[in-house]
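Shown next, in structure tokens, is the structure this report addresses.
Reckoned from all heavy atoms, side chains included, excluding hydrogens, waters and symmetry mates. Numbered from 1 within each chain, the chains take letters A, B, ... in sequence-line order. Nothing here was measured: the structure is a model prediction, and the numbers come from that model.
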Amino acid sequence: MTSIEQYGQFETSWCPGCGNFPLLESLKKALMRLDLPPHRVMVSSGIGQAAKAPHYMHCHMFNGLHGRSLPVAQGMKMANPEMTVICQSGDGCVYGEGGNHFLAAIRRNMDITLLVHDNQIYGLTKGQASPTTQRGHVTKTQPGGAPSEAFNPVAVAVAMKAGFVARAFTGEPEHLTEMIVQAVSHPGFSLVDIFQPCVSFNKVNTFGWYKEHCRIIEDHDPTDWASAMALADEFGERIPLGVLYRGERPVLATSMPLARHRYGADALVAVLESYA
Amino acid sequence: MPDTSINIVIGGGAGQGLATVGQLMARAATRAGYHLLVNQDYMSRIRGGHNFFSIRMGAEPVMAIAEGIDVLVALDGRTIDEQSAQLNAGAIVIAGDTIDTAGLNALRVPFKELAPKPLFHNVAALGVLGAAVCGEVSILEDLLRQTFAKKGEAVVQANIEVVRKAHDWVGEQAFDFSCIAPPPEHPGKRLMLDGNEAIALGALAAGCNFVSFYPMTPATTVPITLIAKGAPLGLVHDQAEDEIAAINMAIGASYAGARALVATSGGGFALMTEGVSLAGVSETPLVVVVAQRPGPATGMATRTEQADLNLVLYSGHGEFPRAVFAPGTVEQCFYLTHRAFDLAEQYQTPMFVLTDQFLADSYRTVAPFDLGGLPEIAQPLLEAPSPYARYALTDDGVSPRMVPGFSEVLVRADSHEHDEHGRITEDAANRVRQNVKRLDKGNGLMQDVIGPEYYGPDESDEGADLVLLCWGSSLGACLEAAQTLNAKGLVRTTVLHFSQVYPLREEQFMDFLESAGQVVAVEGNATAQFARLVARETGFVVTGSVLRFDGRPLSPRYILKGLESIV
Ligand SMILES: Cc1ncc(C[n+]2csc(CCOP(=O)(O)OP(=O)(O)O)c2C)c(N)n1
Ligand code: SF4
């Protein structure tokens with residue numbers, strides 16, 4: 001059995017009280033529940049406070065570039081389909097800089113899990129608007145209020161019939177853990193968009209704000225696309241948490257761990273022969 | 001009429017199938033034992049326009065394209081307008097009898113009579129061309145049999161009938177054309193392939209089992225070949241959403257144990273450069289093929305240039321080692337790509353193969369590659385004792401690279417500055433240690449540099465009157481220009497060709513350059529990028545330059561003309 005201790009405890013560079021702490025704990029707990037030891041898990045991340053998360057646990061990790069965690073994760077999965085691949089990113093990282101990769105990953109539907117630490121702000125670069133910042137939210141770089149409409153990642157993912165779409169909140173750690181367990185267990189691309197309050201830079205969407213607005217959904221059939229769409233569209237007085245949509249789609253799978261895959265001499269000779 | 005080589009040009013609009021006729025003809029000539037060099041000149045459009053496929057065919061090896069045409073196959077009237085000025089004395093034009101051949105020495109082919117349907121006009125043209133250059137119809141028949149085998153016996157027979165009829169028709173015509181001599185001796189089995197195909201095969205020979213790409217001319221045929229030939233063997237591939245995704249995907253795959261390649265052209269490579277830097281700092285092996293075409297920006301999509309050397313040389317921010325190969329021949333495309341993989345694995349840093357549209361699309365005949373003679377490629381470790389440090393400090397800067405998932409040892413890679421264990425840190429002393437470690441790998445790379453090749457008129461390389469300094473695909477044109485000059489006996493000319501353009505090792509060529517009368521840079525760009533690199537690295541300044549940047553490949557005639565004002 002895998003224990004949570006195997007995932008270790010590390011000193012972080014996060015602000016005290018940051019939502020990244022409970023998020024990381026929930027992830028470790030979920031991996032323990034899934035009985036996945038650290039050496040069976042590859043985590044890819046981009047850049048931002050959120051993206052440092054794999055540095056703070058034992059696992060294989062590739063901490064790459066801003067916005068590029070998904071291409072790296074998919075490359076990993078293609079090279080070794082036997083491993084569990086998780087991608088950790090901030091909202092700016094994956095919906096902004098990596099927006100095109102987000103859409104493509106949904107379409108590609110590889111068996112990977114994307115955990116978005118969605119604090120609706122850029123944390124590491126100190127408080128500029130991110131794609132999920134609500135319109136009108138005043139920041140230093142948007143003194144007149146964020147001018148663009150907020151991106152709704154779960155609505156987009158459901159609209160695209162992503163394999164698994166869930167929303168969670170670090171203030172509901174038990175529910176969050178359960179969402180991660182289900183996401184990792186789902187064969188195909190899974191998104192968990194996780195509200196993770198940034199105590200330093202987001203004074204609008206605070207822990208209290210999320211607590212007040214979020215509610216865990218009950219009696220929703222996630223295979224019902226139309227009602228999933230309606231739930232995903234809700235972002236205001238009430239923000240639904242839970243599995244919004246689950247669909248069956250062909251999973252893009254590859255055959256074998258490529259590290260062991262070498263061509264035979266005969267096969268190469270035959271390839272050359274085809275040019276004679 | 002030169003008797004050792006002829007230049008056949010097949011011209012027409014895009015979509016008329018001239019590449020099919022050209023490829024079949026070239027393959028037939030290869031089988032007949034001729035040497036050849038094919039150049040494809042096409043416009044960036046899918047239908048119409050004026051494109052041509054030229055086959056220079058020789059009894060002896062041919063090195064460069066030729067401007068003068070001996071046989072012109074005109075699939076449309078425009079070809080006559082565009083190309084007739086290039087016809088050599090004694091040349092013949094092959095055209096349909098509905099095309100106005102303007103009083104030229106022509107074989108006017110009654111396609112309607114020879115081929116039952118327009119679909120077969122290509123094959124009829126092939127039969128006529130084959131007969132006109134005195135080829136044997138049996139070679140064409142065999143080729144068609146193989147080409148159409150998958151479509152069934154009826155299709156094969158229909159094609160063979162057309163080719164035979166066309167071939168026979170030529171026999172009944174009176175026309176004036178003298179064929180080239182057959183090859184003195186059949187050179188044995190050879191392959192016919194273009195530069196990009198050779199790059200893909202070199203990659204497969206190196207065990208490349210992963211390619212991610214975003215289509216961009218003229219690089220696309222590298223992934224196309226890898227997929228066509230490699231996928232049945234287990235190569236994994238993905239057409240990414242953009243070049244940024246492609247390179248990051250390849251890096252992720254390489255980290256997880258794949259042997260990965262990405263291929264693109266200048267515009268796509270510009271996007272990939274952040275990934276180049278990532279491969280550098282994370283010490284992930286990666287081979288990047290950059291097939292040059294004229295820029296800036298979108299430039300001329302289907303034309304050629306050698307102007308992205310600087311882009312590749314300086315791509316990626318920060319400092320980390322790399323090597324850049326620039327094959328000059330189809331053989332070098334194969335062997336240098338293999339080598340790029342070897343070095344990428346050994347030194348865990350990105351390696352570049354810099355080619356261009358001219359080489360990418362030009363078919364040549366080559367001796368079968370020597371698979372047995374290729375060096376074994378370094379492997380990552382699947383298991384290692386713990387404690388394990390991915391970025392351990394070592395004497396040569398090369399740390400033990402492990403692949404995750406094959407043992408309980410954890411493998412951490414990072415784009416940030418990191419400690420030996422791959423953990424993010426801003427510690428100053430560690431930064432210096434890790435940066436020095438990465439750059440130390442460059443010392444090993446320096447030991448492995450492939451020196452330039454001298455192609456002199458005689459044994460003694462030094463003291464030439466004139467040195468043509470070149471790199472990449474310009475080799476053949478320089479060789480032929482030098483041959484012409486040497487034949488005249490006025491200036492003793494040597495070609496100095498670099499197939500590895502970075503890093504450079506002075507001692508491999510400086511004495512030679514310094515002992516030469518004049519050193520002229522011959523490059524397919526406007527600013528002599530390589531000559532400037534040589535100057536930067538060695539302080540040696542060339543006497544002059546012949547530069548071509550009109551989108552067309554360097555040719556011997558172009559070089560000789562350019563030299564007139566210098567020599
Ligand atoms: C290519 C690139 N552009 C910009 C940056 C600067 N940058 C670092 S983190 C970040 C935004 C982080 O925001 P988010 O993804 O929401 O993560 P958070 O820090 O809030 O967890 C930016 C813009 C970078 N590192 N690389
Ligand atoms: S800046 Fe915000 S997101 Fe980053 S660590 Fe601090 S509280 Fe957390």
Side-chain angles (χ1 to χ4, degrees), chain A residues 10 13 37-42 44 46-47 52 54-55 58-80 82-83 85 98 100-101 103-105 107-108 252 254-265 267-269 271-276, chain B residues 30-31 189-193 197 201 204-205 207 209-210 212 229-230 233-234 236 238 240-242 244-260 274-275 277-278 282 368-369 371-372 380 382 403-416 418 422-424:
Chain A
F10 295 84
S13 62
H39 69 274
R40 300 305 305 158
V41 181
M42 296 196 282
S44 106
I47 297 299
K52 289 179 187 163
H55 276 289
H58 283 304
C59 60
H60 297 290
M61 63 149 226
F62 193 105
N63 181 195
L65 299 172
H66 191 45
R68 315 300 173 211
S69 53
L70 280 170
V72 170
Q74 292 166 103
M76 286 173 172
K77 188 70 187 179
M78 284 189 272
N80 192 345
E82 293 173 359
M83 301 280 281
V85 176
N100 192 24
H101 308 314
L103 300 180
R107 291 178 49 225
R108 216 176 256 119
L252 201 124
T254 55
S255 48
M256 67 198 99
L258 294 180
R260 289 228 169 97
H261 183 62
R262 297 287 173 254
Y263 309 132
L268 288 172
V269 169
V271 168
L272 291 188
E273 280 291 307
S274 67
Y275 289 89
Chain B
T30 304
R31 292 192 181 181
K189 177 177 246 152
R190 278 153 338 128
L191 312 177
M192 185 188 103
L193 69 177
E197 287 171 332
L201 298 188
L204 284 179
N209 54 22
F210 186 91
S212 43
K229 305 293 176 181
L233 310 181
V236 173
D238 189 69
E241 54 273 27
D242 54 34
I244 299 173
I247 191 167
N248 279 277
M249 217 176 235
I251 290 171
S254 177
Y255 161 80
R259 197 161 280 173
E274 69 162 1
S277 190
L278 176 64
S282 64
F369 302 121
L371 290 174
L382 296 185
V403 172
F406 294 90
S407 74
E408 297 201 358
V409 170
L410 297 178
V411 185
R412 277 180 220 98
D414 195 6
S415 68
H416 299 92
H418 43 251
R423 297 257 182 224
I424 181 171

Most contact-rich option vs chain A, by heavy-atom pairs under 4.5 angstrom, among B:S407, B:G405, B:G230, is B:G405
Bottom line for B:S282: the part with an atom under 4.5 Å from chain A's heavy atoms is side chain
Bottom line for B:L233: the part with an atom under 4.5 Å from chain A's heavy atoms is both
Salt bridge (Lys or Arg N to Asp or Glu O under 4.0 Å) filter on A:R68, not counting sequence neighbours, yields A:E97, B:E274
With a 4.5 Å cut-off on side-chain heavy atoms, are B:M249 and A:M78 touching? yes
Ranked by heavy-atom pairs below 4.5 Å to chain A, first place among B:I251, B:V403, B:L201, B:I247 goes to B:L201
Tell me, do B:I244 and A:P71 make a side-chain contact under 4.5 Å, heavy atoms counted?
no
Taking the side chain as every heavy atom from C-beta outward, state whether B:E241 and A:R107 have any pair of such atoms under 4.5 Å apart. no
From the list A:R260, A:M42, A:R108, the residue making the most non-hydrogen contacts under 4.5 Å with chain B is A:R108
Does this structure show an ion pair linking B:E408 with A:R40, if we count only N-O contacts that are shorter than 4.0 Å?
no
Heavy-atom closest pair (B:L382 atom, A:A259 atom, distance to 0.1 Å) is CD2-CB, 3.8 Å
So, the part of B:K229 with a heavy atom under 4.5 Å from chain A: the answer is both
What one should report as the nearest heavy-atom pair of A:L258 and B:N209 is O-ND2, 3.1 Å
Checked B:P404, B:P380, B:A258, B:G422 vs chain A; the most non-hydrogen pairs under 4.5 Å come from B:P404
The interface call for B:R412 against chain A, heavy-atom contacts under 4.5 Å, is both
Turns out that what part of B:F369 lies under 4.5 Å from chain A's heavy atoms comes down to both
Worksheet item: With distance as the sole test, does A:H60 use its side chain to make a donor-acceptor pair with the main-chain N or O of B:V411 at under 3.5 Å?
Response: yes
So, the part of B:A250 with a heavy atom under 4.5 Å from chain A: the answer is neither
Taken in chain and number order and not counting sequence neighbours, the residues that satisfy salt bridge (Lys or Arg N to Asp or Glu O under 4.0 Å) with B:D414 are none
Are B:H416 and A:H55 packed together at the side-chain level, in the sense that at least one heavy-atom pair is separated by less than 4.5 angstrom? yes
Of B:L410, B:V409, B:I424, B:D238, the largest count of non-hydrogen pairs under 4.5 angstrom with chain A goes to B:L410
